[in-house]
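Quick one: this structure, given as structure tokens, is what I'll be asking you about.
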Amino acid sequence: MAVDSLLQSGMASPTTSETEVKALKFIEEITRNPDSVQEKVLGEILSRNSNTEYLKRFDLNGAIDRKTFKSKVPVVIYEDLKTDIQRISNGDRSQILSSHPITEFLTSSGTSAGERKLMPTIEEDINRRQLLGNLLMPVMNLYVPGLDKGKGLYFLFVKSESKTSGGLPARPALTSYYKSDYFRTSDSDSVYTSPKEAILCCDSSQSMYTQMLCGLLMRHEVNRLGAVFPSGLLRAISFLQNNWKELSQDISTGTLSSKIFDHAIKNRMSKILTKPDQELAEFLIGVCSQENWEGIITKIWPNTKYLDVIVTGAMTQYIPMLEYYSGGLPMASTIYASSESYFGINLNPMCKPSEVSYTIFPNMAYFEFLPHNHDGDGAVEATSLVELADVEVGKEYELVITTYAGLYRYRVGDILRVTGFHNSAPQFKFIRRENVLLSIESDKTDEADLQKAVENASRLLAEQGTRVIEYTSYADTKTIPGHYVIYWELLSGDQSNALPSDEVMAKCCLEMEESLNAVYRQSRVSDKSIGPLEIRVVQNGTFEELMDFSILRGSSINQYKVPRCVSLTPIMKLLDSRVLSAHFSPSLPHWSPERRH
Ligand code: AMP
């Protein structure tokens with residue numbers, strides 16, 4: 001049911017709390033005239049930041065109107081801001097991008113020169129993010145009433161953080177939120193089964209163990225399961241597969257495993273795990289010892305109404321696995337957000353994943369839309385950008401934002417298609433992120449990253465005169481955790497056509513990992529959310545067959561380019577049927593929280 005019709009019908013009264021009605025009314029109001037909200041937002045951003053070095057460079061002379069802004073301020077990408085961001089990160093406290101002090105950097109999963117991008121944030125930003133976050137449950141309650149009667153089993157983790165040379169924290173947005181007073185002082189126990197102590201524990205194994213244990217102890221209260229990424233939820237299932245005996249043991253004895261040594265967690269668990277529960281332990285042993293884990297989520301948590309995970313964009317690849325383990329529960333993709341800014345929410349969260357659209361909230365930032373030219377050469381005509389209120393249904397655009405923290409006309413890199421409107425606010429389907437080939441979780445690997453990694457690794461074959469003549473890649477999310485698979489066709493340097501040894505190929509796998517960006521390496525080393533990279537060597541002639549196959553399906557010979565990433569089932573079948581040998585990275589690549597300078 002649409003939010004507005006609910007409010008009009010007066011149906012909001014019996015189950016909807018006053019705060020929720022307020023939230024729903026807010027949604028209606030803010031979406032009624034997005035253009036005037038946008039004008040106000042831009043005016044605020046420009047007037048408060050008129051003395052910043054950045055805006056002064058473009059001679060705005062205090063103008064705060066859209067026309068002057070658009071005619072004078074250029075559309076930029078991260079590389080254009082790097083020098084300014086570097087100065088702030090080195091400790092320069094002058095008003096460079098924002099008149100409000102930059103309090104921390106949010107580390108984006110997008111990368112620049114192999115390192116995470118640093119997104120400036122000001123203190124008040126957390127309020128804006130919270131404002132949008134606080135709308136999610138009121139909307140969800142419209143579709144699934146009574147959620148406040150139970151709890152969510154959400155697997156939430158803090159990630160490692162660092163400090164810039166100038167002393168500013170640099171960390172992911174959610175880590176920043178969990179460590180904030182907002183979260184620390186919130187009544188999260190009435191909403192989540194996971195205790196704060198577990199969410200805030202830096203050791204992800206102890207954190208996961210505790211969160212799972214609490215989820216099991218409160219299994220009848222759980223009415224939704226979630227994680228930031230679907231891969232996180234699948235890793236939790238895999239963790240249960242590997243640890244159910246020990247977890248059942250803890251439950252049957254009423255004592256916490258000695259594996260958990262974090263003091264805060266131990267303290268907290270002494271109040272949650274207070275007595276043995278033999279019945280629950282036996283139930284778990286019965287369910288978990290079965291070979292077939294299909295539908296395990298609803299077996300263990302029978303009151304689960306939906307999975308709270310984003311399954312749009314790169315994450316659609318996880319839908320089949322989630323359906324398998326949940327027995328086909330609905331999946332709610334609730335929010336569209338980034339380190340730069342939060343953008344919008346899904347006002348129809350129980351719809352099918354293929355129908356998800358996000359309504360962009362005009363109070364979050366000033367938004368512009370660059371008409372997406374499929375074979376665009378990257379050059380941007382600054383005047384061609386369209387206002388939020390003027391986008392057209394069916395058209396695709398790249399999102400460009402201007403934020404309170406000091407990004408001006410910044411290209412986010414996301415391609416969105418307009419699907420309709422809520423009141424007058426446009427709704428967008430997330431199409432894809434520009435230039436991303438491979439993504440398992442928060443990692444984003446583009447064509448240039450992959451090319452460099454293949455080049456570096458293939459040098460290890462040079463000694464025996466072997467060359468990589470073609471390659472492509474695939475994000476294998478059927479394994480938990482998922483991993484990158486790279487297909488190589490080799491040209492041997494000698495007559496014997498002998499393949500390189502497994503030892504050499506394993507070194508190539510590791511060298512590729514060493515060459516990939518910091519987000520990939522952190523996911524491998526610290527988060528353990530990506531498995532070892534695999535190289536599959538295919539028979540000679542395989543890539544020619546791949547070309548024949550594509551031409552048969554309508555590609556033109558002249559325009560054919562080897563796809564650097566594949567996912568179509570017939571292509572995967574063809575490649576896999578030609579594999580001569582498969583090799584895995586034997587160890588972890590290097591990674592530390594500190595940035596390479
Ligand atoms: P980060 O800055 O690391 O948080 O990454 C933000 C990016 O993640 C966005 O620019 C999108 O490319 C992607 N993203 C965020 N939310 C969604 C969503 N709901 N659906 C698809 N992709 C998303």
Side-chain angles (χ1 to χ4, degrees), residues 77-78 85 104-112 115-121 125 129 132-133 135-136 139 157 159 161 170-178 226-232 307-319 331-349 351-361 364-365 367 369-370 372 396-401 403 405 407 410-417 419 427-446 517-520 522-523 527 529:
I77 56 172
Y78 187 79
I85 288 182
E104 64 178 300
F105 285 109
L106 298 183
T107 50
S108 157
S109 56
T111 53
S112 154
E115 294 296 329
R116 281 175 184 273
K117 291 178 185 167
L118 293 177
M119 294 302 166
T121 304
D125 277 338
R129 290 166 192 266
L132 201 67
L135 303 176
L136 299 179
V139 171
F157 301 91
K159 295 199 176 187
E161 61 178 84
R171 52 196 180 185
L174 285 172
T175 298
S176 165
Y177 171 67
Y178 299 138
V228 177
F229 293 106
S231 52
L307 303 182
D308 197 341
V309 276
I310 304 287
V311 284
T312 45
M315 298 301 137
T316 48
Q317 61 195 349
Y318 289 101
I319 294 173
M331 295 166 217
S333 297
T334 55
I335 191 161
Y336 171 40
S338 78
S339 316
E340 292 91 331
S341 167
Y342 278 18
F343 305 130
I345 65 173
N346 176 2
L347 293 176
N348 186 14
C351 68
K352 287 195 213 137
S354 58
E355 288 165 6
V356 173
S357 285
Y358 300 99
T359 304
I360 289 200
F361 274 59
M364 288 292 115
F367 298 101
F369 295 84
L370 178 61
H372 185 53
E396 288 184 10
Y397 301 91
E398 184 185 330
L399 184 62
V400 175
I401 55 165
T403 66
L407 298 176
Y410 176 86
R411 291 173 71 171
V412 174
D414 290 346
I415 309 297
L416 311 174
R417 183 187 304 141
T419 53
Q427 301 184 299
F428 297 86
K429 182 179 166 81
F430 183 93
I431 301 298
R432 66 191 157 77
R433 192 171 170 102
E434 197 77 307
N435 297 330
V436 171
L437 284 187
L438 293 164
S439 175
I440 297 286
E441 197 208 36
S442 57
D443 54 303
K444 296 181 170 66
T445 295
D446 66 18
N517 65 47
V519 184
Y520 175 88
Q522 175 172 355
S523 301
D527 309 341
S529 53

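Counting starts at 1 for both ligands and their atoms, in listed order.
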| Has ligand 1 got any nitrogen or oxygen that is less than 3.5 angstrom from a nitrogen or oxygen of Ser109? | yes
| query | Does a side chain donor of either Lys117 or Ser112 reach within less than 3.5 Å of an acceptor in the other side chain? | reply |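 Checked: Lys117/Ser112 side chains show no N/O donor-acceptor pair below 3.5 Å.
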| query | Of the listed options (Ile415, Ile345, Thr312, Thr334), which comes nearest to atom 18 (C) of ligand 1 when hydrogens are ignored and any heavy atom counts? | reply | Thr312
| task | Decide yes or no on side chain to side chain donor-acceptor pair (under 3.5 Å) for Glu104 and Ser176, but give the supporting numbers first. | result | CA-CA 9 Å; Glu104 64 178 300; Ser176 165; 3.0 Å; yes
| said: Quick check on contacts: which atoms of ligand 1 are under 4.0 angstrom from a heavy atom of Val412? | reply: 10 (O)
| task | Compute the minimum heavy-atom distance from Ile335 to ligand 1 and say whether it is under 4.0 Å. | result | yes
| query | What atoms of ligand 1 come closer than 4.0 angstrom to any heavy atom of Lys444? | reply |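 The list of qualifying atoms is 5 (O), 8 (O).
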| task | Run the numbers for me: atoms of ligand 1, each under 4.0 Å from some heavy atom of Ile310, listed by number. | result |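 The atoms of ligand 1 under 4.0 Å from a heavy atom of Ile310 are 18 (C), 19 (N), 20 (N).
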| request: Heavy-atom contacts with Ser108 under 4.0 Å: which atoms of ligand 1 show up? List them by number with element. | output: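 Under 4.0 Å from Ser108, ligand 1 has these atoms: 2 (O), 3 (O).
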| query | Does ligand 1 have a heavy atom under 4.0 Å from the side chain of Leu106, from its backbone, from both, or from neither? | reply | neither
| Nearest to atom 14 (N) of ligand 1 by heavy atom, Ser338, Ser442, Gly344, Ala337: which? | Ala337
| Test item, Ala173 contacting ligand 1 (heavy atom, 4.0 angstrom) |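 Per 4.0 Å heavy-atom rule, Ala173 does not contact ligand 1.
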| Among all protein non-hydrogen atoms, which one is nearest to atom 2 (O) of ligand 1, and what is the separation to 0.1 Å? |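 Checked against all protein heavy atoms, atom 2 (O) of ligand 1 sits closest to Ser339 OG, 2.6 Å.
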| task | If you have a sec, work out which protein heavy atom is nearest atom 7 (C) of ligand 1 and how many Å separate them, to one decimal? | result |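 The protein heavy atom lying closest is Arg433 NH1, 3.7 Å.
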| task | Report the member of Tyr358, Phe430, Phe229, Tyr336 with the shortest heavy-atom distance to atom 17 (C) of ligand 1. | result | Tyr336
| task | Go through the steps to decide whether Tyr358 and Phe428 satisfy the test ring pair (Phe, Tyr, Trp, His ring centres under 6.0 Å), and finish with yes or no. | result | CA-CA 5 Å; Tyr358 300 99; Phe428 297 86; 9.7 Å; no
| message | Treating Lys429 as the side-chain partner and Ser354 as the backbone partner, does any N or O pair qualify as donor plus acceptor under 3.5 Å? | response |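 Confirmed, Lys429 side chain pairs with Ser354 backbone.
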| request: Considering only non-hydrogen protein atoms, determine which one is nearest to atom 11 (C) of ligand 1 and report residue, atom name and distance to 0.1 Å. | output: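 Nearest protein contact, heavy atoms only, for atom 11 (C) of ligand 1 is Asp414 OD2, 3.2 Å.
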| task | Assess the side chains of Tyr336 and Asp414: does a donor N or O sit below 3.5 Å from an acceptor N or O? | result |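 Result is yes, a qualifying pair exists.
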| query | Within a strict 4.5 Å, meaning less than it, do heavy atoms of the Val400 and Phe367 side chains meet? | reply | no
| said: Pairing donors with acceptors under 3.5 angstrom, does anything connect the side chains of Thr359 and Gln427? | reply: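 The criterion, which ignores hydrogens and geometry beyond distance, is satisfied for Gln427 and Thr359.
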| Under 3.5 Å: donor-acceptor pair, side chain of Thr111, backbone of Glu115 |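 No.
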| Can Lys159 and Glu441 be counted as an ion pair, charged N to O under 4.0 angstrom? |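 Yes.
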